[in-house]
Structures are given as C-alpha cells and as structure tokens.
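Below, chain A is the first sequence line, B the second, and so on; all start at residue 1. Note that the structure is a prediction, hence the values are computed from the model and not measured. In what follows, every heavy atom counts, from backbone to side chain, and hydrogens, waters and symmetry copies are set aside.
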Number of protein chains: 2
Amino acid sequence: MPRRSDAAVSDSRATTVQAAVDLASVEGLEGLTIGRLAGQLRMSKSGLIGRFGDKEAMQRAVLESAVERFTAAVWLPARGAEPGIARLEAIVDAWIVHLRSDVFPGGCFVTTASVEYDARPGPLHDDVEAAVRRWLGVLEAEARLAVAAGDLAPDRDPVEVAFELHSLASGGGVAARLLGDPAGLDRTRAAMRRAIGLEPT
Amino acid sequence: MPRRSDAAVSDSRATTVQAAVDLASVEGLEGLTIGRLAGQLRMSKSGLIGRFGDKEAMQRAVLESAVERFTAAVWLPARGAEPGIARLEAIVDAWIVHLRSDVFPGGCFVTTASVEYDARPGPLHDDVEAAVRRWLGVLEAEARLAVAAGDLAPDRDPVEVAFELHSLASGGGVAARLLGDPAGLDRTRAAMRRAIGLEPT
DNA sequence: CCTACCGATCGGTAGG
DNA sequence: CCTACCGATCGGTAGG
C-alpha cells in the first residue's frame, strides 16, 4: 500500500504544476528554478524534483499544462459555434478575451516558450513546435470549412489564414503587453477580423 | 595620457558588444552571462565588466546596438523609396530580407527582448518599450503618408496599419523560426502586403 | 517527503 | 586589464 493514494499524489502534482505555470508565465520556462518554486510551495528542492524526475521533465509538464489552459480558454468555447465564419469569429473573440484575462500573469505562455526555444534544439523545442503545429492545424481546418461554406474568398489559402491569425495574436499580444496599452488588443482584434474578412465592429 | 587611445577603447567595446549581441540573440538578454561572454572573448570577467560597469549597463548597450542593426537593415534601405505605398513596400521587403538573413543568429532581437521584459519592470523594459514605440512611430508616419497620397483607403487608421505590420513581422518571424519553415516568412510577407493593400506577388 | 551536501556557476569586489 | 576571492544560487544526489 502506498502511503498516499494515487489521487492525492496526482493532486499535489497538479497543484505544483499550476504554481509552476504561473511562475514560468512571468520568468519563462528557462527562468523557472527548482529552488524558487520549492520556496514558494514551502517544500524542499528534493521533494519538488522528486515529483518529476528532473528539471526538464518538470518544464515539459508545465508546458503541457499551459497548452491545456489555452485550449480550454480559446478552443472549447468556440467549438459550439457553427462551422465557417461564425466559428472563426468565435475563436478570435475567445482568443482576445483570453489575452485580456489573467490566465497567464506574464502573457501568452506558448509565445514566450516559442521565443525561448525557437533557436535552441531539444525536447522542449520539439514540444513547443508540436503544440503550435497542432493549433495551426485546427485554425487551418476551420479556415478550410469557411472557404468551403463560401464565407471566405475561394482563393484564400487556409494555411495562410491560420498562419496570419497566429502571427497577429502572438505578436500583437506581446506588443500590447509591452506597451501597457489595452488598445493594442483592440487593434489585434481588428486585424484578426480583417484577416477573415470581417468588419472591425 | 591614457594608456590606450579613446579610439582603441571604443573599438574594443564595440567588438565586445558585437559578440554579446550574437550570444544574446540566441540566449536572450537575460540568458547573457558575464562568465560565458568573457570566456568566449578570452578575457577575465572583471576585465569584461569593467568595460560597462555592471551587467545591466552591458545589457542596455547590447540592446541599443541590436536596435541600430535593425534600423540599418530595415529602415535605411527603404529610406530612398518614394513616400507612400512604394516606401511601405520597400520596408516590408527589407524587413523580410532581414528576417531571412543571419543578422541575428537567434531571431529578431527586439522580439526576444519584448517577450523577456513585457511583464518585468525596470530599465530594460523601458528601453525595449521605447525602441518599439519609435519603430511604430516610423511605420505610422509612413502609413499616414500613404493614406494622404491615396495609396491606402482614407478610412485606414495609420496607427492600426503600423501595429498590424509590427505584429505580423514579430509573430510571423518567431513562428517561421520555430517551425523551421522558410515558407513561414513567405506567408508573413504575403500577410504584410495584404495589410497595406498589395497583391501577394 | 526531509536534511545535508556536491561541484559548478552566478554577478561582483578587492587589490594590484 | 589581471588573479583571487566573496556569498548566493544553480540542478541534482545520497541517505534516510
């Protein structure tokens, strides 16, 4: 018999990961240190690292959790909308709401991780790349449905639409936060709507 | 009389900064360490730090130099073009060429710095913010000229155009590098041209 | 999960 | 510009 039930172990791990996501959101996945996180959780470094194995495994778990937060915030709410332009619009709306929210205290987690690992090979690079590819794939599929439905011009390339939306949200989110200017996200929203042929509103 | 001429001192400092820009381009300004840079330059840590005062002063000098590289690569070549859409087009072209080049081995320096400091106050945050504001101001002025010349729709907001171009280059450059896909920059170029009303070519 | 500890590295200073 | 050194912190292990 284990001294703690599996549920309790997985619970404590989930709590740990949550705190780590918040810390890494500000400091980056590279800036995350075992000592600081352990101190914040009032536990020993060895106790903390024991939950993951080593730092890299912890970073990968943190990234995975952050991606789940993003999906839950942006993809799930939009899933109910009609396929086509309505769903694309719902994704843009949820995305902007997400960027305005404090889901990640330090700004979009995947964007931060993308910049940290875009020029550094390794498992974390591969994980971030895979997550971005999955999300681009979702956007592309939605854009394709919108083209098929006649909501987007027939010569509009779904791959291009997906890449454009991703670039605008990623770059616009960073700039809005850096400038401390909420209007930045209004502009990001307007640009994303333009990219899918909608009026600014 | 100084033991080394002013020119020699400033020369050695410039060499130091150049090496530091390349290192920080990959590791980030936060990942830049005195020990590693000193080792790469085959000098002592104290000798290196003596050229700047402390690490933060070195980081600020590195950022300033990187901004100058960007301006020289993107703004100077476009300056000769006619004001209006021709100059905007020239800026986009130079920008994409710059992103494709190895001017910064680790990707756009200002984008990396924006992400590192968007959620962290301090002098470096302020320096990055000021640099981005200056560049957005340049883009906005050019967009305004293009609107005045009738090259952009009269209801197109120059501030929005500037923010959109910046977001696309910043986010698109990161994604293209992360995915290791040169087509990413083709898509970025197409999106930037779309933003200023031009055909993809 | 803990304490105690490892070698390496951090930014920086003293003194020359 | 150097050597020598400071206290702090890094990721991680040994042993319980």
Is B/Arg60 salt-bridged to B/Glu64, going by a charged N under 4.0 Å from an acidic O?
no
Is a donor-acceptor contact shorter than 3.5 angstrom present between the side chain of B/Ser46 and the base of D/dT3?
yes
Give B/Leu37 one of three labels, base, sugar-phosphate or nothing, depending on what nucleic acid heavy atoms sit under 4.0 Å from its own.
nothing
Going by an N to O cut-off under 4.0 Å, is there a salt bridge joining B/Arg69 and B/Asp22?
yes
Of the options C/dC2, D/dC10, C/dG11, whose atoms approach the side-chain atoms of A/Thr33 most closely?
D/dC10
Hey, would you say the A/Phe70 and A/Trp135 ring centroids sit under 6.0 Å apart?
yes
Residue whose closest nucleotide on DNA chain D lies nearer the 5' end, A/Ile49 versus B/Met43
B/Met43
With side chains defined as the heavy atoms from C-beta onward, is the minimum distance between B/Phe109 and B/Val62 less than 4.5 Å?
yes
Tell which nucleotide pairs with D/dG15, taking only Watson-Crick or G-U wobble pairs whose two distances are both under 3.5 angstrom.
C/dC2
Candidates D/dG12, D/dC10, C/dT3 - which lies nearest the side chain of A/Ser44
C/dT3
Distance, rounded to the nearest Å, where A/Ile34 contributes CD1 and D/dG11 contributes P
5 Å
B/Gln59 CD to C/dG12 P: how many Å, rounded?
9 Å
Checking all strands, does B/Gly35 fall into the base, sugar-phosphate, or nothing category for heavy-atom contacts under 4.0 angstrom?
sugar-phosphate
Validation row: B/Arg79, B/Arg87 side chains within 4.5 angstrom (heavy atoms)
no
Specify the separation, in whole Å, of atom CZ of B/Arg36 and atom P of C/dA8.
17 Å
Measure the distance from CD on A/Glu30 to P on D/dC10 and round it to the nearest whole Å.
14 Å
From CZ of B/Phe52 across to C1' of C/dG12 the rounded distance in Å is 15 Å
N/O donor-acceptor pair, side chain B/Lys45 with base C/dG11, under 3.5 angstrom:
yes
Could you pick out which residue, A/Leu48 or B/Lys55, lies toward the 5' side of DNA chain C when each is mapped onto its nearest nucleotide?
A/Leu48
